[in-house]
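Have a look at the structure below, then the notes.
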Amino acid sequence: LSLSLSLCAMSDTGRRGEDGDGDEVRRNFSDVGDVSRLLLSSPRHRSIGSKDELQSIRERFLKRDDQPSEFLGESTPLLSDRGRKRSSSLWGTLVHRRKPVKIAPNRKIFDKQMVYESLDYELTESEVEMSAKASRKASEYRNAEIYRWILLFIIGVLTATVAFGIDMGIKSMSSYKFSIIQKSIAQCVKDNCLLESFLLWVGLDIVLVGIAGVLVCYIAPIAAGSGIPEVKCYLNGIKMPEVVRLKTLLVKTIGVMFAVSGGMAVGKEGPMIHSGAVVAAGISQGKSTTLPFLNTHTKLFQQFRNDVEKRDFVSGGAAAGVSAAFGAPIGGVLFSLEEGASFWNQFLTWRIFFCSMTSTFILNMLISSFVDHTPGKLSNPGLLNFGQFVDMPYSLVELIIFCLMGCLGGLAGALYNWINDKLTHFRLKYITSQFAKLLEVLTLATVTCSCAFFLIYFSSDCLPLGESPESSSPLQFFCDEHQYSAMGALLFNTPEDSIKNLFHSPTSAYHVYTLLVFAVVYFLLACVTYGLSIPSGLFVPCILTGASWGRLFGTLLARSPMFTSQAATMAGKYALIGAAAQLGGVVRMTISLTVIIIEATGNITYGLPVMLVLIFAKLVGDIFNEGLYDIHIEIKHIPLLPWAPPNVAAARLRAADFMQRDIQCVRMINSVKDIYRMLNNTKHNAFPVIAWDSDSTVEHSGLAVVQGMMLRHHIIALLNVRAFGRKEGLRVDAPLVGPEEIQQFYPRWPKIDSVSLY
């Protein structure tokens, strides 16, 4: 039985011309293997010239040092039982250069990168696919465009609903926990039994954080962290295992609620971006491979079941997540553009902006209806609300101070990234089992709770009731009547409310040592926490840390005789600048982060200071290391190419250094046995389809013409639907398979082990 690939191959150079032009390929069967080499220097669309030219090409490119070549023709099997000596590859090329390249990759790292596959972001251009597209009516294209807008609206609505559920869950659990601990501490201060209150606090946090740790360690490990590095890699063409699965979404949303409620130095905003991406990936396909009752062969949204369309919807979902987290629809679009996708066009910009606006509007409606009980009063655009900023004018001298704070933020961010980098390498080396990861989570939950309790216990900084705007559960501890602990307002609170306290409390609200101790301790806790096996956002811990040392900076300036005016001594202004500097120094984002902060504050006045701070933070931080997201991508050995190669590589490396010489090819007509053996014995995901020219000289020399490329999962799909038959001359007596029959297997393409030929 034979399998015909003549109509299914994706054309690489377009249809061949009448004179049979195309790329020239030689099959070297020196070991009766499957070696094929591309003649790199032969120009496309050029016929083979004279025998002298052919001989020159053979001598220049096809000479082998191991043993004489044996040229066989189209009847040679694709694979042989005999082994073969593979030709030199990238590693040997780099090592044996006259001028060795010092950045030669490590083989162990390369092996770890091989677990990742690439997504198919190139549209199929086979004759079957192009014929099917040509037969579509104009109304079908118009309906597809309408469906895109409907799907983007649904994605925005569902992302906002998920964000609202996360926010309500955190507030409910935190409020219940704070009320229990507050009553216990108030009673034990009188009865001298604070040890019981401490153990109660630790026990509650261990239970809450432990639930998040169990979900991540034993159900969905990919849900750990913020998910932004994984979404970034997905949008740039890398297939991340389980990154957009339904169970990942459930573990992410439930886990982040318990992690934040458990008092860990994490935020819910980062996981919201990942959640929006998962929602978009699932809704856009019209079916679910996780839920059996939804895993049907329905034609709903069938035209969007490919990696290209799915990528565009995931970009919209990520932007909707940013919009729901910060109430920043424009910032969401810019985030997807700057930090996410490298595939972009003008139409996608407008669609993603619509999805982001839908998300922030629906979330605003939900909060105003169910929290504020004032339906229609749209005053809560996002989960992280910085509060209402009054006019805080700044002078030219303060702009210089802001730039210095940006440099300080760059240094602090570089230190943050360096510490977290070392800790992550330690975890990958020593903390490998699921139980060890869970034990680490519980240990750090205990440490975090202990730090919070003892900082409040030993702090003598007290505030009068009503001084801090966001203290729903004030702790009195050893303060006088009608006073409460200032340190408790920062630690015994949700992170978002603590940020509001630092932004909007009066300048004299916090002592210098309170801000200093809190900034140092929370900085270290945030460094250690990011990378644990729990869902954890990075934005809120960085903002809270930066706001604390920024407010400290402003408090010290207020005591200086040089700054006596009321405008220059507003500590909340410096808290905002410090928050931007710290966050920019860690993540190294500029344009999108500027817009996100401006939209979160609701005051365009801070546009210039925030922009300058982020620029200086990035410039200073880049001197020492990369942004934290890029560091974690590199630690996980995800093969994501940077925007530009290193200077030494750009000057010395050529495309030929990275090309594989041993190429596995298939012919236009192949026996099923050969195809099945080839797929079982190779891991390649694409195969060049070649054909021999009618010229006998070409056939005997071992040269062939490239017809296109065939993807591995397409070949397996053809075997699954039994699209093979008897060979009759130059054709195969088999049914023609349409694109719909192939796409029914998307996105979980069958493996070759699942194919039954009998």
Side-chain angles (χ1 to χ4, degrees), residues 148-167 169-170 220 222-223 225-236 240 242-257 267-285 304 309-341 348-349 351-364 366-367 381-384 535-540 592 596 599-600 629:
R148 283 191 184 93
W149 289 95
I150 294 175
L151 278 174
L152 289 169
F153 176 79
I154 296 174
I155 290 169
V157 172
L158 292 180
T159 302
T161 304
V162 171
F164 178 74
I166 292 175
D167 189 50
I170 291 175
I222 193 66
S226 65
I228 294 178
E230 289 78 10
V231 172
K232 178 179 179 179
C233 294
Y234 182 90
L235 292 176
N236 284 277
M240 304 293 297
E242 300 185 346
V243 72
V244 289
R245 294 277 295 275
L246 178 60
K247 71 173 183 179
T248 304
L249 174 64
L250 295 177
V251 171
K252 199 83 173 182
T253 53
I254 297 174
V256 74
M257 287 191 292
K268 59 179 180 288
E269 285 69 24
M272 266 310 307
I273 300 172
H274 189 186
S275 300
V278 179
V279 169
I283 296 300
S284 62
Q285 301 305 293
F304 303 134
E309 294 285 355
K310 193 173 183 180
R311 174 200 68 204
D312 292 344
F313 284 114
V314 170
S315 298
V322 176
S323 180
F326 299 98
I330 301 176
V333 177
L334 293 176
F335 177 86
S336 292
L337 176 60
E338 179 184 5
E339 195 69 16
L348 192 60
T349 304
R351 293 176 196 152
I352 291 180
F353 180 64
F354 171 74
C355 186
S356 297
M357 286 297 300
T358 302
S359 178
T360 189
F361 174 76
I362 297 298
L363 179 61
N364 210 335
L366 291 173
I367 294 177
L383 299 182
L384 180 59
S536 56
L538 184 64
F539 283 84
V540 166
S592 59
I596 288 173
E599 289 186 284
Y629 296 144

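Quick note: numbers below take in every heavy atom, side chains included, and nothing from hydrogens, waters or symmetry partners. Residue numbers count from 1 along this sequence.
To the nearest 0.5 Å, the span separating OG1 on T161 from CG on L363 amounts to 8.5 Å. In this structure, T358 OG1 and L158 CG are separated by 11.5 Å, a value rounded to the nearest 0.5 Å. Note that the CD atom of E309 and the CD atom of Q285 stand 9.5 Å from one another [nearest 0.5 Å]. To the nearest 0.5 Å, the span separating CG on L151 from CZ on R351 amounts to 11.0 Å. Interatomic distance, I155 CD1 to I352 CD1, rounded to the nearest 0.5 Å: 10.0 Å. From W149, atom CH2 reaches atom CD1 of I154 across 14.5 Å, with rounding to the nearest 0.5 Å.
The shortest heavy-atom contact between V251 and P535 is O-CG, 3.9 Å. In terms of heavy atoms, K252 sits closest to A223 at NZ-O, 2.9 Å. Closest approach of P271 and V256 over heavy atoms only: CG-CG2, 3.8 Å. V231 and A318 make their closest contact through CG1-CB, 4.3 Å (heavy atoms, listed as atom of the first residue, atom of the second, distance). Taking each heavy atom of S592 and F335 in turn, the nearest pair found is CB-N, 3.5 Å. Closest of all the heavy-atom pairs between A220 and K247 is CB-O, 4.3 Å.
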Trace of the side chain to side chain contact (heavy atoms under 4.5 Å, CB included) decision for I273 with S226: CA-CA 8 Å; I273 300 172; S226 65; over 6 Å; no
Output, in order, the C-alpha distance, side-chain angles, deciding distance and verdict of side chain to side chain contact (heavy atoms under 4.5 Å, CB included) for M272 and F326. CA-CA 10 Å; M272 266 310 307; F326 299 98; over 6 Å; no
Output, in order, the C-alpha distance, side-chain angles, deciding distance and verdict of side chain to side chain contact (heavy atoms under 4.5 Å, CB included) for V333 and T349. CA-CA 7 Å; V333 177; T349 304; 4.3 Å; yes
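A donor-acceptor pair under 3.5 Å is absent between the side-chain atoms of T360 and the main chain of M357, judged by distance alone. A distance-only check finds no donor-acceptor pair linking the side chain of H274 to the backbone of G321 [under 3.5 Å]. A donor-acceptor distance shorter than 3.5 angstrom exists from the side chain of E599 to the backbone of G331, with no hydrogens or angles considered. Looking only at distances, a side-chain donor or acceptor of S315 sits under 3.5 Å from a matching main-chain atom of R311. Side chain of S359 to main chain of C355: no donor-acceptor pair is present (N/O by atom type, distance under 3.5 Å, no hydrogens or angles).
Ring geometry for F539 against Y629 counts as tilted: the plane angle lies between 30° and 60°, on a 0 to 90° scale.
At least one side-chain heavy atom of L249 sits under 4.5 Å from a side-chain heavy atom of V279.
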